[in-house]
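In this chain, numbering begins with 1 at the start of the sequence shown. Note that these values count all heavy atoms, side chains included, but never hydrogens, waters or copies made by symmetry.
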Amino acid sequence: MNKVKIAIFTISIIISLIGIKKLIYINQVKDLKNKEESILNESIRVLNECFDLENKNKRTLNKSIELIEFCIDKYGDKN
């Protein structure tokens, strides 16, 4: 009977450790997802600000191309 208790205790510890490892992995995935999402949101904000989409109809095609080139040169390699 004593060996059965030891076996059950050992199995429960192993299952607990596996569960803890899974929880840590899930949290790491969530953190990575949040970090990627914040980087993407920041990139969107910066590019929207740079492209000045609200005034796009006031620019000529050549000025729009110059603005795109400027934005790519300034922010293209940061993210």
Side-chain angles (χ1 to χ4, degrees):
M1 193 63 147
N2 217 4
K3 290 182 180 181
V4 173
K5 288 182 182 179
I6 292 172
I8 291 173
F9 181 72
T10 305
I11 291 172
S12 65
I13 288 176
I14 291 171
I15 291 172
S16 297
L17 291 174
I18 291 171
I20 290 170
K21 185 177 178 182
K22 289 275 187 189
L23 287 174
I24 291 171
Y25 175 75
I26 289 170
N27 284 337
Q28 287 174 342
V29 169
K30 284 181 183 178
D31 289 343
L32 183 61
K33 215 176 207 182
N34 288 339
K35 185 176 180 182
E36 288 174 349
E37 189 173 310
S38 69
I39 289 171
L40 181 61
N41 286 338
E42 178 65 15
S43 297
I44 290 170
R45 184 193 66 76
V46 167
L47 290 175
N48 281 337
E49 191 176 291
C50 184
F51 287 141
D52 188 26
L53 296 176
E54 292 177 9
N55 297 316
K56 68 180 178 182
N57 293 332
K58 297 176 185 175
R59 288 190 298 271
T60 65
L61 184 58
N62 287 337
K63 288 291 182 186
S64 292
I65 291 172
E66 288 175 9
L67 180 60
I68 291 170
E69 289 173 347
F70 169 77
C71 291
I72 290 173
D73 287 341
K74 186 170 181 180
Y75 300 110
D77 60 350
K78 289 193 177 183
N79 289 328

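- In this structure, CD in Glu42 is found 10.0 Å from CD1 in Ile44, a value given to the nearest 0.5 Å.
- Under the 4.0 Å criterion applied to side-chain N and carboxylate O atoms, Glu37 and Lys33 are not assigned as salt-bridge partners.
- Distance check, rounded to the nearest 0.5 Å: CD of Glu36 to CG of Leu32 gives 4.0 Å.
- Interatomic distance, CD1 of Ile18 versus CD1 of Ile14, reported as 7.0 Å (0.5 Å rounding).
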Donor-acceptor list for residues 63-72 side chains, cut-off 3.5 Å, not counting sequence neighbours:
unit_1	atom_1	unit_2	atom_2	d
Ser64	OG	Thr60	O	3.2

